[in-house]
Structure formats: C-alpha cells, structure tokens
Amino acid sequence: MLQTGGPAISAEAASYLAGGLAALAVGLAALGSGFAERGIGAAAVGAIAEDPDMFGRGLILTVLPETLVILTLVTVFVVT
C-alpha cells in the first residue's frame, strides 16, 4: 500500500483500533484505581474504627482514585 501512495491503514480499521485502545485505557485506569482503593479503603476503615470523626476524610480519600477513571472516560469521549 505504501508504494502506491495509499494509506497504511484504512479509516474503518483506524476507527476500530481507536475504540479498542480507548477501551484498554479505561480498563487499565479502572484496574489501577481498584488497586489503589484496596489499600486506602483498608486504612480508612481502620482510622474510622479508632476515631469516628475520620469518616469524612476516609470517604474522600477512598473516592479520590475513582476520579482517575472518570477523567479517563472524559478523555475517551473527547478524543473519539
């Protein structure tokens, strides 16, 4: 294809490739977020067990890694 001056990849194939890579990006972000929340959630529950006033901080710190997944989803919708 390159010798004849045509594109190296068709537009349809590029669309499928972009969708697959976007799905991979969201999946990896969710996996990383879940891995981070595992440790943060355990620490937050321990802190709340000792001091119930720590509930607000524990909740915020537990939910914070989820913003990574939300940001990834927004990026996917903007790019594709």
Rounded to the nearest 0.5 angstrom, the CD1-CZ distance for Ile40 and Phe35 is 11.0 Å

Nearest atoms (heavy-atom pairs only) where Thr67 meets Leu64: OG1-O, 2.6 Å

Looking only at heavy atoms, the pair that brings Thr62 and Gly41 closest together is OG1-CA, 4.2 Å

Shared hydrophobic cluster for Ile48 and Val63 (ILVMFWY, side-chain gaps under 4.5 Å): yes

Without swapping roles, check the side chain of Ser15 against the backbone of Ala11 for a donor-acceptor pair under 3.5 Å. no

Check whether Ser33 reaches the backbone of Ala29 with its side chain - one donor and one acceptor, N or O, closer than 3.5 Å. no

